[in-house]
Every structure is written in C-alpha cells, then in structure tokens.
**Q** 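Below: one structure in structure tokens.
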Amino acid sequence: MPAGAMQQPAEDTNKATKKPMSLIYQINRSKKRRNLALKVARGNLEVQAPWHMSEAVIAQFVEQKQDWINKHLNRQRQQLDNLMPRKWRSGERLRWLGQPLKLKVSVATRKTIERYGNELFVTTTARSNSEREPKQTIVNWYKEQAMQWLDQFFSAWSTAHQLNPTSWSIGDFTSKWGHCTRKRELRFSWKLWLAPEWVVLNVVIHELCHLQEFNHSKAFWQLVAQHSPDYEAAEQWLRQHGVTVLNNQYLDFTDD
Ligand SMILES: [Zn+2]
C-alpha cells in the first residue's frame with residue numbers, strides 16, 4: 001500500500017464544541033473493487049473505492065465511520081508519538097525473531113558484526129560520518145541471517161505437495177512483508193525477522209500458498225489454514241505491531 005503524503009485532520013480546536021473534524025484522506029480507486037473500504041495505516045486514512053463512485057458518496061461513508069476512524073487513527077498516532085527515531089547507537093535495541101538484541105557499537109579499523117547471545121557487536125570505521133553509522137552493516141547482517149533461516153526452512157519443507165518456489169530472496173520492502181511472483185519466486189523483507197518466529201513462519205506459508213492460489217480467495221485462506229492453523233493470530237500480530245516493532249526507523253519501546 002503506498003504511504004501517500006497525507007495531512008493531519010483538522011486541528012483539535014474543534015474538540016470543545018464537539019464539532020466533527022473534517023478528515024483528509026487518500027482515495028485509492030480500483031476497477032475490481034465493488035465496495036468501499038477504509039484503511040488506517042501509519043497514522044493516515046486511506047479509502048479504497050470502486051472506480052466510478054462519486055466523491056460525495058465516499059465522503060458520506062467516511063462521515064458515518066468517523067468514530068471508528070478516529071479511534072484507530074488516534075491509537076496509531078499515539079503509538080508513533082511514543083517512538084524515538086533509531087540512531088543506530090550503542091544501547092539501542094533491535095530484535096531477532098522477536099528476542100531483544102542489544103546493539104554495541106565501537107570504532108575499529110574495519111567493519112565487523114558479530115552476535116553473542118542477545119548482544120550484537122558492530123564495529124565501524126571512523127573515516128567519515130556516514131561510515132560511523134553502522135546501519136548498512138546491520139541491515140546486511142539481517143539479510144544474511146534471514147537468508148540462512150529461509151535456506152534452513154526450505155531444506156526441511158516437504159516437496160510432496162505443490163507449494164515449492166523456484167527461488168527465495170530477501171529485499172528491502174517498506175510496505176509489505178513478503179511477495180510472490182508468477183515465476184514462483186518468493187521475496188521477503190528482512191524486517192520480518194524482527195518479529196517472533198511463529199509470525200515469520202506464517203508469512204512464509206502465506207506466500208507459499210500463493211504458489212497454488214494466486215489471490216486471496218476463500219480457497220487460498222483454506223489452504224493457509226491447512227498449513228498454518230494460527231495464521232489469523234499472526235495477521236493480527238502484524239497489524240498491531242507493524243507500525244512499531246517492525247519499523248526499523250524507530251526504537252522499539254514495547255516491554256517484554
Ligand atoms: Zn497474500
């Protein structure tokens with residue numbers, strides 16, 4: 001889902017008079033869509049609408065759903081407000097498969113990265129400011145580790161059924177966790193491996209099921225349920241934590 005540049009709803013000065021706020025939202029039209037749907041993502045509202053629906057009808061729908069929208073927008077904005085931008089410095093916390101991983105950064109003559117237990121030791125070279133920031137070293141480490149996790153997963157994955165990809169890889173998506181192509185290639189965001197392992201597993205199975213059902217039909221979800229009975233909890237987990245825990249731009253302050 002593209003994170004469109006959207007503005008805040010009208011200022012809260014209306015609060016005292018209880019006058020309804022006028023919301024600013026992005027409308028995404030689709031020729032396939034029959035009904036209106038609302039989506040609150042990263043503190044913004046998006047409306048998914050059928051191709052020819054008039055803006056007046058859309059506005060009326062949004063107004064009817066105002067309470068629901070406000071509840072979700074406020075919750076997400078609060079979550080985002082509580083987050084501190086990540087600086088990739090010593091003492092900050094990352095996660096690997098849901099487990100806290102404390103970052104330890106020091107300067108050395110070359111760049112290294114090594115995990116010992118729940119600490120991640122990174123060295124940077126101090127020649128320039130950009131080299132002092134270990135972000136790229138850490139992201140590369142995640143990509144390598146995630147790839148190893150996938151290799152291991154697929155070496156144990158049964159080839160008896162039809163759910164076998166031609167290849168798998170790790171990418172940098174910001175708007176989705178996984179992706180599956182018509183050529184049966186699977187691609188996942190390295191950020192997924194910040195989540196607990198059962199959530200990672202569910203996303204991988206979700207994409208694998210697309211190898212048989214290239215859609216989100218009832219048949220697709222039945223197939224997912226067959227291979228991953230707790231998929232609903234995983235989807236719910238990602239909806240709840242996608243904004244915070246899995247956003248590598250922010251420090252994660254959720255306490256265990
Ligand atoms: Zn899907």
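Hydrogens, waters and symmetry mates are skipped; everything else that's a heavy atom, side chains included, is used.
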**Q** State whether Trp88 and Arg86 meet the cation-pi test: NZ (Lys) or CZ (Arg) under 6.0 Å from the six-membered ring centroid, and within 45° of the perpendicular axis.
**A** yes
**Q** Do the two ring centres, one from Trp141 and one from Trp193, sit under 6.0 Å apart?
**A** no
**Q** Please report the shortest heavy-atom distance between Ile58 and Leu36, naming the atom on each side.
**A** CG1-CD2, 3.9 Å
**Q** Would you check if the distance from the ring center of His216 to the ring center of His206 is below 6.0 Å?
**A** yes
**Q** Check whether any side-chain heavy atom of Arg29 lies under 4.5 Å from a side-chain heavy atom of Met53, and answer yes or no.
**A** yes
**Q** Test of understanding: with side chain to side chain donor-acceptor pair (under 3.5 Å), list the residues that count as partners of Ser106, not counting sequence neighbours.
**A** none
**Q** Is Lys143 salt-bridged to Asp172, going by a charged N under 4.0 Å from an acidic O?
**A** yes
**Q** Quick one: side chain to side chain donor-acceptor pair (under 3.5 Å) partners of Asp151, sequence neighbours excluded?
**A** Trp168
**Q** With Thr166, which residues qualify under side chain to side chain donor-acceptor pair (under 3.5 Å), at least two apart?
**A** none
**Q** Quick test of your reading of the model: are Glu119 and Lys104 salt-bridged, counting only N-O distances below 4.0 Å?
**A** yes
**Q** Give the other cluster members for Trp221, using side-chain heavy-atom distances under 4.5 Å between Ile, Leu, Val, Met, Phe, Trp and Tyr residues; answer none if it is isolated.
**A** Phe220, Val224, Tyr231
**Q** Would you call Lys87 and Glu92 a salt bridge, taking side-chain N to carboxylate O under 4.0 Å as the test?
**A** no
**Q** Between His210 and Leu186, is any pair of side-chain heavy atoms under 4.5 Å apart?
**A** no
**Q** Can you tell me which residue pairs pass the ring pair (Phe, Tyr, Trp, His ring centres under 6.0 Å) test with a partner in residues 35-58, sequence neighbours excluded?
**A** none
**Q** Regarding Arg75 and Gln78, is there a side-chain donor-to-acceptor distance under 3.5 Å anywhere?
**A** no
**Q** Restricting to side chain to side chain donor-acceptor pair (under 3.5 Å), what partner residues turn up for Trp149, sequence neighbours left out?
**A** Glu197
**Q** To the nearest 0.5 Å, what is the distance between CG (Asn44) and CD1 (Ile24)?
**A** 10.5 Å
**Q** Output the distance between atom NZ (Lys71) and atom NZ (Lys65), rounded to the nearest 0.5 Å.
**A** 12.0 Å
**Q** Indicate whether the side chain of Glu144 and that of Asn140 have a donor and an acceptor atom separated by less than 3.5 Å.
**A** no
